[in-house]
Number of protein chains: 2
Amino acid sequence: MDARRKAGDAMLAIMSAPAVINGDVPLSDRVPLSPDLPRHDVEQLCLERGLRMTPQRHAIVRVLSEADDHPSVEQVYQRALAYNQQICLATVYRTIRIFEQKGILQSRDFGTGRARYEPLDHEHHHLVDVDTGDVVEFSIAAHEHLLRAIAEDLGFQVVSLRLEIFGKRYGFQRNSAGEADGL
Amino acid sequence: MDARRKAGDAMLAIMSAPAVINGDVPLSDRVPLSPDLPRHDVEQLCLERGLRMTPQRHAIVRVLSEADDHPSVEQVYQRALAYNQQICLATVYRTIRIFEQKGILQSRDFGTGRARYEPLDHEHHHLVDVDTGDVVEFSIAAHEHLLRAIAEDLGFQVVSLRLEIFGKRYGFQRNSAGEADGL
DNA sequence: GTATATGCAAACTATTTGCTGCCAC
DNA sequence: GTGGCAGCAAATAGTTTGCATATAC
């Protein structure tokens with residue numbers, strides 16, 4: 001999640017493969033996002049926000065901490081099962097919803113119909129390859145300041161940002177079997 | 001949809017109330033978005049893209065053209081009924097999906113669990129009030145050039161952009177009945 | 001001890017699909 | 001004429017909820 005490199009002159013930081021941002025939580029339950037949110041790990045955040053750490057939540061937190069993709073609820077469930085058999089899908093849904101409300105997680109919709117999640121411990125955006133579904137994370141510091149300024153102008157305090165670019169790789173084509181063929 | 005004004009020094013153009021962007025279409029079916037997309041009206045776009053103009057589609061197109069909010073599928077259906085009783089929800093779903101694939105519409109997820117739609121005839125972004133669900137449209141020309149440059153750097157042609165700011169109005173509070181109280 | 005969490009199964013909501021007949025081009 | 005489009009109803013996918021029990025603090 002943290003392998004960065006420069007690309008072009010846009011202060012661009014590439015971060016990881018496939019990602020999600022703030023989703024379908026009752027909007028006003030969301031916790032405002034501090035521009036300088038400290039980098040607690042997920043479990044510590046849970047404790048700070050008064051959540052009970054059950055074995056199920058340990059498993060879910062571990063899955064989320066270890067994930068460098070952006071798992072769907074179903075994927076979180078499947079992975080959590082490896083750490084704890086005593087867990088059911090409803091619990092994963094409930095837990096994830098609570099995590100979102102507490103500002104621990106963000107959900108994202110990448111156009112697949114399924115919500116996907118990632119820890120809310122750093123702010124970044126997504127470039128989605130429309131042909132393969134691959135997601136590249138990036139961040140642009142200057143850009144975020146601009147957006148905060150815009151919100152301020154309009155009388156709003158920023159709670160969260162969501163920026164996605166959907167694009168086609170130059171030179172991409174599908175082969176006869178419909179599989180992705182890079183250039 | 002076109003009442004613009006300046007706000008601050010951010011080259012900001014405020015456009016309308018409540019809005020959605022590119023949604024759950026099989027990603028690779030989306031048509032690349034030209035930076036200089038001409039302002040055809042929706043029906044003309046349909047014809048250009050080889051779609052048959054049935055009475056049902058006339059009704060749907062009319063609803064979409066007239067809407068200055070960002071209706072859900074259900075809302076499009078209800079409004080279209082006023083123009084044509086011979087229409088069913090499945091048709092609205094099918095039509096909207098085709099419109100998305102043809103690059104005529106974009107879908108947006110504002111965190112309510114329901115997709116919402118708007119014509120894709122101008123590019124703009126959304127500031128969502130997390131307390132009330134209100135949506136303000138805005139656009140930032142400089143910003144879009146920046147994002148296109150980023151995508152180019154990474155070897156991608158931009159198909160569509162999605163930018164949402166979720167924010168809280170300064171001074172907003174709920175009254176005892178849970179209704180919104182402006183400052 | 002008690003408020004919170006959990007499992008299970010049923011309920012819900014939004015969306016998609018199979019099929020048969022129709023109509024825009 | 002014919003391929004795309006429509007209606008209808010049934011199916012599906014993802015997510016939520018009621019309720020009785022268990023457990024973290």
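In what follows, chains carry the letters A, B, and so on, assigned in the order in which the sequence lines appear, proteins first and then strands, with residues in each chain numbered from 1.
- Within 4.0 Å (heavy atoms only), Q86(B) reaches sugar-phosphate atoms of the nucleic acid but no base atom.
- When the nearest nucleotides of DNA chain C are assigned to V92(A) and L89(B) by heavy-atom distance, the more 5′-ward of the two goes with V92(A).
- Distance check: I96(B) CD1 to I104(B) CD1 gives 11.5 Å after rounding to the nearest 0.5 Å.
- Rounded to whole angstrom, the span from the CD atom of Q75(A) across to the P atom of dT15(D) amounts to 11 Å.
- Distances shorter than 4.0 Å separate none of the side-chain N or O atoms of T54(B) from OP1 or OP2 on dA24(C).
- I60(A) has its CD1 atom 11 Å from the C1' atom of dA5(C), to the nearest Å.
- If you take NE2 on H125(B) and CG on L147(A), they are separated by 8.5 Å, rounding to the nearest 0.5 Å.
- Rounded to whole angstrom, the span from the CZ atom of F99(A) across to the C1' atom of dA5(C) amounts to 12 Å.
- Mapping M53(B) and N84(A) onto DNA chain C by nearest heavy atom places N84(A) closer to the 5' end of the strand.
- Nearest-nucleotide assignment on DNA chain D puts the 5′-proximal partner with R52(B), out of P55(B) and R52(B).
- At a cut-off of 3.5 angstrom, counting only N and O atoms as typed in the model, there is no donor on one side facing an acceptor on the other between the side-chain of R57(B) and the base of dG4(D).
- The interatomic distance linking Q101(B) (CD) with dT16(C) (C1') rounds to 13 Å, in whole Å.
- Here CZ of F166(B) is found 4.0 Å from CZ of R162(A). Values are rounded to the nearest 0.5 Å.
- Counting distance only, with no hydrogens placed and no angle test, the side-chain atoms of R94(B) and the base atoms of dG7(D) include a donor-acceptor pair under 3.5 Å.
- A donor-acceptor distance shorter than 3.5 angstrom exists from the side chain of R57(A) to the backbone of R52(A), with no hydrogens or angles considered.
- Residue Y93(A) places none of its side-chain N or O atoms closer than 4.0 Å to OP1 or OP2 of dT16(D).
- Remark: C1' of dT15(D) and CD of E74(A) are 12 Å apart, rounded to the nearest angstrom.
- For the pair I87(B) CD1 and dC5(D) P, the computed distance is 14 Å after rounding to whole Å.
- Going from atom CZ of R49(B) over to atom P of dG4(D) covers 18 Å, rounded to whole Å.
- In this structure, Q56(A) does not reach the dT23(D) phosphate: none of its side-chain N or O atoms is under 4.0 Å from OP1 or OP2.
- Atom CD of residue Q56(A) and atom CD of residue Q85(A) lie 11.5 Å apart, to the nearest 0.5 angstrom.
- We find that CD1 of I98(A) is positioned 11 Å from C1' of dT6(C), with the value rounded to whole Å.
- For a distance-only test at 3.5 Å, the side chain of R97(A) fails to qualify as a donor-acceptor partner of the base of dG14(D).
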